[in-house]
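Worksheet: the structure to be examined is printed underneath.
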Amino acid sequence: MSLSGSGAADSNAHGVCFPASGGLNGMAHNESESATLPVLDLDVLHELEADIGSTGVAHNFARDYIKIWDKRRTYLEASVADDDAEAAMDAVLSLKNSAMMVGASRLAQLAVNLERLVKSGDLHAVRRLLPFVALTGEQTVCGLKHGYLPPEA
């Protein structure tokens, strides 16, 4: 996976992890603004390494993020399917905060947009964005696995 000079994982890095970014299908401009951000900003993880003084702890944090990605996505999808705005807000805040902490720029911005939609009571719009959330989350996981974490022995 190629990395840009800014420390951001390239979302179109030789097709290794990510499909071309054309799948927004009529999404409103303010909903698709996250698509212009890098999937993964490695500077965030490198700052975590420096703050902690250990790459191992940062690597474990990234591995833990990967392990619970499906749980976060499923919780959001279930809360929206149940029209449970309170649970949806809880799921969105978890998604947003964890994405920010791991450097998932695109997913974090998408979560900010989701938060706004949940606050306004528009779970229908959130529902329409769920496939993009799933795709962006998978891109993030792939970026962490192939662009940040060392290969597993």
Side-chain angles (χ1 to χ4, degrees), residues 1-24 27 30-82 84 86-119 126-127 129-153:
M1 170 174 289
S2 69
L3 299 177
S4 74
S6 68
D10 183 355
S11 64
N12 294 318
H14 309 298
V16 172
C17 295
F18 315 119
S21 59
L24 301 180
M27 192 180 303
N30 60 350
E31 307 309 327
S32 64
E33 68 192 34
S34 63
T36 63
L37 295 171
V39 169
L40 189 61
D41 180 354
L42 294 178
D43 289 341
V44 172
L45 290 163
H46 294 305
E47 286 177 27
L48 178 62
E49 291 173 1
D51 289 346
I52 295 171
S54 168
T55 58
V57 173
H59 287 170
N60 286 338
F61 181 74
R63 285 185 192 98
D64 288 344
Y65 181 90
I66 291 167
K67 285 179 191 171
I68 61 175
W69 160 247
D70 282 330
K71 182 178 179 181
R72 281 195 178 101
R73 180 190 47 78
T74 301
Y75 180 43
L76 175 61
E77 290 171 352
S79 64
V80 172
D82 292 342
D84 185 340
E86 187 173 312
M89 182 59 77
D90 182 53
V92 165
L93 292 175
S94 174
L95 182 71
K96 179 181 80 171
N97 292 329
S98 63
M100 287 177 170
M101 291 175 66
V102 81
S105 303
R106 188 176 296 180
L107 191 57
Q109 181 59 53
L110 180 57
V112 167
N113 293 339
L114 293 170
E115 181 181 8
R116 180 184 50 77
L117 291 169
V118 173
K119 280 181 182 176
V126 173
R127 192 172 289 112
L129 290 175
L130 290 176
F132 190 53
V133 171
L135 173 65
T136 306
E138 290 303 317
Q139 291 173 337
T140 300
V141 165
C142 189
L144 288 168
K145 285 180 179 178
H146 301 287
Y148 174 65
L149 290 172
E152 292 186 23

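Count residues from 1 along the sequence.
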Do you know the tightest heavy-atom contact between [X] and [Y]?
| X | Y | result |
| --- | --- | --- |
| Ala111 | Leu95 | CB-CD2, 4.0 Å |
| Leu42 | Gly147 | CD1-O, 3.6 Å |
| Ala88 | Ser79 | CA-OG, 3.2 Å |

When rounded to the nearest 0.5 angstrom, what is the spacing between CG in Asp51 and NE2 in His46?
13.0 Å
Out of curiosity, Met89 CE to Leu117 CG, how far, rounded to the nearest 0.5 Å?
9.5 Å
Just jot down the side-chain contact (heavy atoms from CB on, under 4.5 Å) partners of [X], sequence neighbours excluded, or say none.
| X | answer |
| --- | --- |
| Ser105 | Leu37, Pro38, Asp41 |
| Thr74 | none |
| Ser54 | Ile52, Val57 |
| Lys145 | Ile66, Val141 |

Quick one, Val92 with Val112, criterion side chain to side chain contact (heavy atoms under 4.5 Å, CB included). Give me CA distance, side-chain angles, the key distance, then yes/no.
CA-CA 8 Å; Val92 165; Val112 167; over 6 Å; no
Would one find more than 12 heavy atoms of other residues, nucleotides or ligands at under 6.0 Å from atom CE of Met101?
no
Restricting to side chain to side chain donor-acceptor pair (under 3.5 Å), what partner residues turn up for [X], sequence neighbours left out?
| X | answer |
| --- | --- |
| Asn97 | none |
| Asn60 | Arg63 |
| Tyr148 | Glu49 |
| Asp70 | Arg73 |

Less than 4.5 Å apart, any side-chain heavy atom of [X] and any of [Y]?
| X | Y | answer |
| --- | --- | --- |
| Val44 | Val102 | no |
| Val80 | Leu76 | yes |
| Leu144 | Leu45 | yes |

Would you say Ser94's side chain and Asp90's backbone share a donor-acceptor pair under 3.5 angstrom?
no
Hey, is the main chain of Thr36 close enough, under 3.5 Å, to the side chain of Arg106 for a donor-acceptor pair?
no
Sorted by first residue and then second, give each ring-ring contact (aromatic ring centres under 6.0 Å, His included) pair with at least one member in residues 61-82; sequence neighbours left out.
none
Write out all pairs satisfying salt bridge (Lys or Arg N to Asp or Glu O under 4.0 Å) with one or both partners inside residues 92-104, taking only residues at least two apart or from two chains.
Lys96-Glu115
Test side chain to side chain contact (heavy atoms under 4.5 Å, CB included) applied to Val39 and Thr140, Thr136, Leu107, the passing residue:
Thr140
